[in-house]
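Note sheet for the following structure.
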Amino acid sequence: GTFHYVPGPMMASSSNLTITVLGKGGHGSRPHDAIDPVAALAEIQMSLQTALTRRFDALEPIVITVTNLWAGDGAYNAIPERAALCATVRVLRDEKIDAVRQMITEVSSSVAASHRCTAQVDFEVLYPTTKTNPRENQFAATLWSQMFGTENVQPFDAPMMASEDFGYVLSQVPGTFMWMGTANPEKPENQREWNHSPMMRFDDSVLGMQSAALAEIGRVERTIFMLEWMLHPDLRHRVQMGLNKGEARNNLARAVFFNRLGQLHDHTHENQQHRAAGCNLVVVDPSPARLKLAEKVGCNILEGDATRD
């Protein structure tokens with residue numbers, strides 16, 4: 001039932017890696033007549049770990065974890081003609097992905113060549129780094145701290161090397177990503193299963209908190225957007241005409257995002273006023289114009305750190 005976030009990059013990019021080494025099959029009793037891809041692949045696996053520590057700063061986390069190795073068809077005395085591995089590659093800075101890809105290709109090709117083999121490298125980027133926006137982090141953290149208590153909404157000291165497809169959304173729209181603890185607090189931490197384990201047991205009692213948190217942040221976001229909508233004719237025009245291509249201010253980007261979700265079923269000024277009535281608006285040092293408008297449409301003004309301006 002606790003919420004946690006990390007400012008900036010909070011989860012790594014994720015890529016799938018497959019390395020296939022091609023050699024020449026033969027009999028296990030005469031390896032000199034064959035070109036052994038198994039020995040080459042084993043050396044590649046170890047060389048990749050060494051290369052990471054010699055080419056990249058230790059303070060810039062990069063992880064290459066080999067999860068599959070295969071060669072041959074089960075015969076104990078046959079040298080296969082090919083061997084392959086699969087790995088997951090995690091990089092915390094997107095600008096380093098190409099350098100990691102190049103390093104893997106160079107190491108694989110060089111090691112394979114030293115064994116008279118060739119190497120084929122398939123590197124597929126799945127998800128980018130998940131990067132949160134500091135203002136959006138603070139907005140959600142302040143709002144939820146008021147709901148659940150400051151002790152239940154805390155930042156983590158460091159990012160994780162897990163990955164998340166929501167990184168694609170955050171690369172286009174400023175936002176946040178929060179973790180919510182769902183483990184049984186009565187079970188020792190060292191006995192809790194990892195997230196993807198079939199033995200994992202979640203504490204369903206926190207689902208009410210999750211629903212309330214999402215509902216409240218959506219309600220406040222909508223209120224802020226509607227106030228911006230009424231204050232800025234240019235904002236209404238751009239959303240209605242579909243002219244915002246992401247080059248405008250963050251509030252315009254949010255407007256297009258909400259519009260694409262179908263959350264704006266009409267765009268009349270009067271109806272937006274009706275929807276805003278009775279909502280709470282959390283502001284810091286609001287302008288007189290915004291205060292006057294909020295009072296006109298019936299919003300309640302609350303002081304806090306969660307602000308858009």
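Hydrophobic clustering, with ILVMFWY side chains joined whenever heavy atoms are under 4.5 angstrom apart, keeps L85 apart from V38. Connection of V91 to I104 is established within a shared hydrophobic cluster, with ILVMFWY side chains joined at heavy-atom distances below 4.5 Å, either directly or through further cluster members. Connection of V125 to V121 is established within a shared hydrophobic cluster, with ILVMFWY side chains joined at heavy-atom distances below 4.5 Å, either directly or through further cluster members. Under a hydrophobic-cluster definition in which Ile, Leu, Val, Met, Phe, Trp and Tyr are linked whenever side-chain heavy atoms come within less than 4.5 Å, directly or via other members, M209 and V220 are assigned to the same cluster. A single hydrophobic cluster is seen to contain both M10 and V169, as judged by linkage of ILVMFWY side chains at heavy-atom distances under 4.5 Å, directly or through other members.
Within a 6.0 Å sphere centred on CE of M46, heavy atoms belonging to other residues, nucleotides or ligands number 12 at most.
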Checklist entry - So M103 and I64, side chain to side chain contact (heavy atoms under 4.5 Å, CB included) or not? Walk me through it. => result CA-CA 12 Å; M103 181 274 292; I64 299 178; 4.1 Å; yes
Item to check | Audit row: M180, V206, side chain to side chain contact (heavy atoms under 4.5 Å, CB included) steps and yes/no | outcome: CA-CA 9 Å; M180 184 179 186; V206 303; 3.7 Å; yes
Next on the checklist: Using side chain to side chain contact (heavy atoms under 4.5 Å, CB included), reason through F177 and E164 one step at a time and then give a plain yes or no.
Outcome noted: CA-CA 10 Å; F177 188 103; E164 172 59 49; 3.5 Å; yes
Checklist entry - Would V89 and R101 count as a side chain to side chain contact (heavy atoms under 4.5 Å, CB included) if you check the C-alpha gap in whole Å, the side-chain angles of each, and the deciding distance to 0.1 Å? => result CA-CA 9 Å; V89 181; R101 186 204 315 259; over 6 Å; no
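Residues Q102 and T105 form no side-chain contact, since every pair of their non-hydrogen atoms from C-beta on lies 4.5 Å or further apart. With a 4.5 Å cut-off on side-chain heavy atoms, S171 and T129 do not count as touching. Two residues are said to be in side-chain contact when any heavy atoms from C-beta on lie closer than 4.5 Å; Y5 and F156 fail this criterion. Side-chain contact between N137 and P7 is present, with heavy atoms from C-beta onward closer than 4.5 Å. You'll find the side chain of M11 reaches within 4.5 Å of the side chain of W179, heavy atoms only. A 4.5 Å side-chain heavy-atom check between E216 and M147 finds at least one atom pair inside the cut-off. V100 is listed as a side-chain neighbour of F56, based on a closest heavy-atom distance under 4.5 Å. Proximity of N133 to T176: side-chain heavy atoms (C-beta onward) are nowhere separated by under 4.5 Å.
The minimum heavy-atom distance linking I217 with L143 is given by the pair CA-CD2, 3.7 Å. Contact detail for R55 and V107: the closest heavy-atom pair is NH2-CG2, 4.5 Å. Between L22 and C117 the shortest heavy-atom distance is O-CB, 3.2 Å. When all heavy atoms of S14 and R90 are compared, the closest pair comes out as OG-NE, 3.4 Å. Between A71 and P80 the shortest heavy-atom distance is CB-CG, 3.9 Å. Shortest non-hydrogen contact noted between L41 and I19 is CD1-O, 4.1 Å.
Expressed to the nearest 0.5 Å, how far OH of Y127 lies from OG of S13 amounts to 12.0 Å. Taking OG1 from T150 and CG from N152, the interatomic distance works out to 9.0 Å, rounded to the nearest 0.5 Å. Atom OG1 of residue T2 and atom CH2 of residue W144 lie 12.0 Å apart, to the nearest 0.5 angstrom. Summarising the geometry, atom CD1 belonging to I97 is positioned 10.0 Å from atom CD1 belonging to I62; distances are rounded to the nearest 0.5 Å. Note that OG1 of T67 and CG of L17 are 9.5 Å apart. Values are rounded to the nearest 0.5 Å. Rounding to the nearest 0.5 angstrom, the gap separating the CD1 atom in I44 from the NE2 atom in H115 is 7.5 Å.
S109 places no side-chain N or O within donor-acceptor distance of the main-chain N or O of E106, the cut-off being under 3.5 Å. Panel note: side chain H4, backbone P155; no donor-acceptor pair is recorded below 3.5 Å. A donor-acceptor distance shorter than 3.5 angstrom exists from the side chain of T132 to the backbone of V6, with no hydrogens or angles considered. Within the 3.5 Å criterion, the main-chain N or O of F139 finds no donor-acceptor partner in the side chain of T142.
Within the 6.0 Å centre-distance limit, the rings of F3 and F148 are counted as a close aromatic pair.
Counted by atom type alone, E43 and S47 present zero donor-acceptor pairs between their side chains at under 3.5 Å.
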